[in-house]
Amino acid sequence: QVQLVESGGGLVQAGGSLRLSCAASGINFSWYSMYWFRQAPGKEREFLAAINWSGSSTLYADSVKGRFTISRDNAKNTMDLQMISLQPEDTAVYYCASNRAPYRAITRNPTPGLLGSWGQGTQVTVSS
C-alpha cells in the first residue's frame with residue numbers, strides 16, 4: 001500500500017522560508033514522477049511543482065517559479081519543496097502526490113486520473 005507523508009509545515013512570517021518533505025513508502029519511488037500541490041480555504045487545489053522519476057526534469061507553476069524548488073532523493077524515498085520569500089497568499093495545505101503509472105512525463109496540468117496516491121497534507125501559514 002502506497003503511503004505519502006508530508007512534513008515541515010508550520011507558521012512563518014512573510015519573507016521567511018520553509019522546507020517541506022514528502023516521505024514515500026510502499027512504492028518503487030524511483031520509478032514515479034512526483035508532484036506538489038496546495039489548497040487554500042475556499043479555493044481549488046493548485047499545482048505547484050513536479051519532478052520526474054530521476055530528478056532530471058522539473059516544472060513549476062508561474063506563481064512559485066523562482067521562489068520554490070522541488071527536489072528528490074531516490075535513495076531515501078523522499079521529495080522536498082524548498083520555499084523562500086513566503087507571502088500570506090502562500091497560506092494553504094500543501095500536498096504531495098505520485099503519478100499513477102511509472103516513468104511518465106511530468107506536466108503542469110495533471111489530470112486527476114494521472115495521479116495515484118496523495119499525502120494527508122501539511123499546513124503552511126504565512127503571517128503578514
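Closest heavy-atom contact between D80 and W36: O-NE1, 3.4 Å. In terms of heavy atoms, Q82 sits closest to L18 at NE2-O, 3.6 Å. A pairwise comparison of heavy atoms in A14 and S128 identifies CB-CA, 4.3 Å as the closest pair. Considering all non-hydrogen atoms of both residues, S71 and R19 come closest at OG-NH2, 3.7 Å. Pairing each heavy atom of N74 with each of S54, the nearest pair is ND2-CA, 4.2 Å. Heavy-atom minimum distance, S127 versus L11: CB-CD1, 4.3 Å.
For the pair R45 and W118, the distance from NZ or CZ to the six-membered ring centre is under 6.0 Å and the angle to the ring normal is within 45 degrees. A cation-pi arrangement is absent between R38 and F47 under the rule of less than 6.0 angstrom and at most 45 degrees off the ring axis.
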Worked verdict on Y94 versus M83 for side chain to side chain contact (heavy atoms under 4.5 Å, CB included)
CA-CA 12 Å; Y94 285 67; M83 307 184 294; 3.7 Å; yes
Could you check T69 against L81 for side chain to side chain contact (heavy atoms under 4.5 Å, CB included), going step by step and ending with a plain yes or no?
CA-CA 6 Å; T69 302; L81 187 69; over 6 Å; no
Run V93 and T122 through side chain to side chain contact (heavy atoms under 4.5 Å, CB included) and show every step you take.
CA-CA 5 Å; V93 179; T122 186; 6.0 Å; no
Working for side chain to side chain contact (heavy atoms under 4.5 Å, CB included), residues S21 and T78
CA-CA 7 Å; S21 290; T78 59; 5.6 Å; no
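Rounded to the nearest 0.5 angstrom, M34 CE and I70 CD1 are separated by 8.0 Å. Considering OG of S25 and CD of Q3, their distance stands at 4.5 Å, rounded to 0.5 Å. Separation of atoms SG (C22) and CG (L4) is listed at 4.5 Å; rounding is to 0.5 Å. The structure places CD1 of I106 at 8.0 Å from OG of S56, a figure rounded to the nearest 0.5 Å. Taken from CG in L48 to CD in E46, the straight-line distance is 5.5 Å, to the nearest 0.5 Å. A distance of 7.5 Å separates CZ of R100 from CG of L115, quoted to the nearest 0.5 Å.
With W53 as the partner, the ring pair (Phe, Tyr, Trp, His ring centres under 6.0 Å) test is satisfied by one option alone out of Y32, W31, F29, Y103: Y103.
Side-chain atoms of I27 and S98, non-hydrogen and from C-beta on, do get closer than 4.5 Å to each other. Looking at heavy atoms from C-beta onward, L86 lies out of side-chain contact with I84 at the 4.5 angstrom threshold.
In the hydrophobic cluster analysis, where Ile, Leu, Val, Met, Phe, Trp and Tyr join through side-chain heavy atoms closer than 4.5 angstrom, L59 is grouped apart from M79. In the hydrophobic cluster analysis, where Ile, Leu, Val, Met, Phe, Trp and Tyr join through side-chain heavy atoms closer than 4.5 angstrom, Y95 is grouped apart from V64. Hydrophobic cluster membership differs between F37 and Y60, with clusters built from Ile, Leu, Val, Met, Phe, Trp and Tyr side chains linked at under 4.5 angstrom.
Using a cutoff of 4.0 Å between basic side-chain nitrogens and carboxylate oxygens, R67 and D90 are scored as salt-bridged.
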